[in-house]
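Worksheet: one structure, shown below.
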Amino acid sequence: MYFVSNYKFWYALTWLSCLIAYGFGWSELNVPLRGDLVTFLLLTVGVAVVLLILELGRNAGKSDQAAVEALQVGRWSRGWVVSWVIVVGFVADFTYQGGIPFFSRQYSGFDITASVQATVGIPVFHVALIAGSIFFAMERADRLVVSRSPQALMQFVMMIVMLLLNNSRGYVVFALLALLLLFAARKMAVRGRLNVRVILLVGLGLLVVMYGVGVFGNIRSGFAWWDTSYINRIGRYQDDWPAVLSPQFQWAYTYFTSPLGNLNLNLSLKPVGGNWLDTLLVLLPDPVAKYVVAERVSATYQVSYLNATTGYTSAYYIGGGVLGMYVSFAMQLVALETASWIAKRIGTAVLLTNVCSSVIVIVFVFYNSFSDAATCFLIPLALIAGLLRRRFLGRRGLQVAQAERGARHQVGFVGKVRS
């Protein structure tokens, strides 16, 4: 189970995949990468792989499968309350906005194709609502994979629908990605390995998500769902786009590779000032350090409508150069290892925390997911959820160690309980 939900594995896989996809050169925007950038990515990927191998050698993984099963047997049923509170919150937010964004062609959340991010919804409340709904979708996904509970499924779908109505398809992708990772990891925890069927299902799921990104990208841009002429034009695609791939995947390809192109461009510009000691600011949440960071980062884009620059661009400017990127990578390791250690100590949300870390690392390819308000709270919320789960088990007189020993004997009742 461990490598499937390990953020080091996803760091290596994500950045290697990005380099390979960028190297295909299907877009005119994919200009040759700088040597120092390629060196940085290959070195950090190498470090991640070495650390992952060392952890696998020590059998460092810890499963919370049995503890989560025990929660299902215990009829922990506050999920509906939280679900409806979030739905009511979205209704209030839509009322404040004057309509439902999906139908009014408005867009909420982080738009990686906009030169300026829009401020929408009820101030402060909107940000908390989005962050809470993303995490709750992930938490429900964890319960769903373990219990196959219809209630957990309905609550997960409710969160997805609310995010879609908010026109936040990027956040929907985060939740669906977490579901796929949880599914793969839980299956591996039960069977001890990933079989071909699970791998094919996860792969098919990723293809469906990427295709869906294209469909909703066309719709959001004012075109029919099947009309890819807009992304073909703004993505500057050449005639060598593979015929075997649907043009719908051009949206996913643009989103995946254009940030690396922007980072490459910014590395050709010498930052003014900056100190590697200040790189710590990059990991601070936007509500705390947004304006401090914004004043010191003057990112340049290949084209104005593709403004994702990866999370490393802020580290480059604030850290005074490429050294800041190395420091940022080291700080990520420290922060995520600390979160993993705490999760193991709590014992009831180990996988959920690891998957949140993995999602943050994957999203870092697009923007600074450690500071963005929609994602920076995922890990703290996962740890809080672990404490709440542990408290519930304690109230029932069932310690985590007991749950790990005994919950599997009760798994037959899981499908009958409310989640």
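Any value given below was found using the heavy atoms of this structure, including those in side chains, with hydrogens, waters and symmetry copies removed. All values derive from a computational prediction rather than experimental measurement.
Under the 3.5 Å distance criterion, the side-chain polar atoms of Asn354 are left unmatched by any main-chain donor or acceptor of Asn6. Side-chain atoms of Tyr237 come within 3.5 Å of backbone N or O of Gln250 as a donor-acceptor pair. Although no hydrogens or angles enter the test, the distance criterion places no donor-acceptor pair under 3.5 Å between the side chain of Ser340 and the main chain of Leu336. Judged by distance alone, with hydrogens and angles left aside, the side-chain atoms of Asn262 form no donor-acceptor pair with the main-chain N or O of Tyr301 at under 3.5 Å. Asn264 places no side-chain N or O within 3.5 Å of a backbone atom of Leu33 that could act as its donor or acceptor partner. Between the side chain of Ser328 and the backbone N or O of Gly324 there is no donor-acceptor pair closer than 3.5 Å.
Residues satisfying the salt bridge (Lys or Arg N to Asp or Glu O under 4.0 Å) criterion with Asp278, sequence neighbours excluded, are Arg296. Every residue was checked against the side-chain hydrogen bond (donor to acceptor under 3.5 Å, both in side chains) condition with Ser133, not counting sequence neighbours, and none meets it. Under the side-chain contact (heavy atoms from CB on, under 4.5 Å) criterion, Ala178 pairs with Met138, Val355, Val359, not counting sequence neighbours.
More than 12 non-hydrogen atoms from other residues, nucleotides or ligands lie less than 6.0 angstrom from CH2 of Trp241. For Met331, the CE atom counts as densely surrounded, since its 6.0 Å shell holds more than 12 non-hydrogen atoms of other residues, nucleotides or ligands.
The aromatic rings of Tyr312 and Tyr11 lie perpendicular to each other, with more than 60° between the two planes, well past the 30° mark. Between Trp251 and Tyr255, the angle of the ring planes goes over 60°, which puts this pair in the perpendicular group of the 30/60° scheme.
Checked options Leu16, Leu19, Leu263; the residue passing with Leu41 is Leu19 (criterion: side chain to side chain contact (heavy atoms under 4.5 Å, CB included)). Only one option out of Phe329, Tyr326, Trp15, Tyr316 pairs with Phe40 in a ring pair (Phe, Tyr, Trp, His ring centres under 6.0 Å); it is Tyr326.
A donor-acceptor pair shorter than 3.5 Å cannot be found between the side chains of Tyr253 and Ser27. Asn218 and Gln248 share a side-chain donor-acceptor pair at under 3.5 Å. Side-chain atoms of Glu337 and Tyr7 include a donor-acceptor pair closer than 3.5 Å.
Between Glu55 and Lys8, the closest side-chain pair of non-hydrogen atoms falls below 4.5 Å. The closest side-chain heavy-atom distance from Leu181 to Trp10 is below 4.5 Å. Looking only at side-chain heavy atoms (C-beta outward), Asp372 and Asn368 stay at 4.5 Å or farther from each other. Looking at Thr375 and Ile134, their side chains never come closer than 4.5 Å, going by heavy atoms from C-beta outward.
Considering all non-hydrogen atoms of both residues, Val282 and Gly311 come closest at CG1-O, 4.4 Å. Scanning all heavy atoms of the two residues, the minimum distance from Gln151 to Ser149 falls at OE1-OG, 2.9 Å. Of all the heavy atoms in Ala185 and Ser5, the pair that sits closest is CB-CB, 4.3 Å. Among all heavy-atom pairs drawn from Thr14 and Ile362, the shortest one is OG1-CG1, 3.5 Å. Taking every heavy atom of both residues into account, Phe256 and Phe366 meet most closely at CA-CE2, 3.8 Å. Pairing each heavy atom of Phe223 with each of Asp227, the nearest pair is CD2-OD2, 3.4 Å.
The CG atom of Leu153 lies 11.5 Å from the CZ atom of Arg140; values are rounded to the nearest 0.5 Å. Here OG1 of Thr348 is found 9.5 Å from CG of Leu383. Values are rounded to the nearest 0.5 Å. The structure places CG of Leu177 at 7.0 Å from CG of Leu206, a figure rounded to the nearest 0.5 Å.
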Stepwise side chain to side chain contact (heavy atoms under 4.5 Å, CB included) check, Arg345 with Arg390: CA-CA 11 Å; Arg345 298 280 293 181; Arg390 189 181 184 92; over 6 Å; no
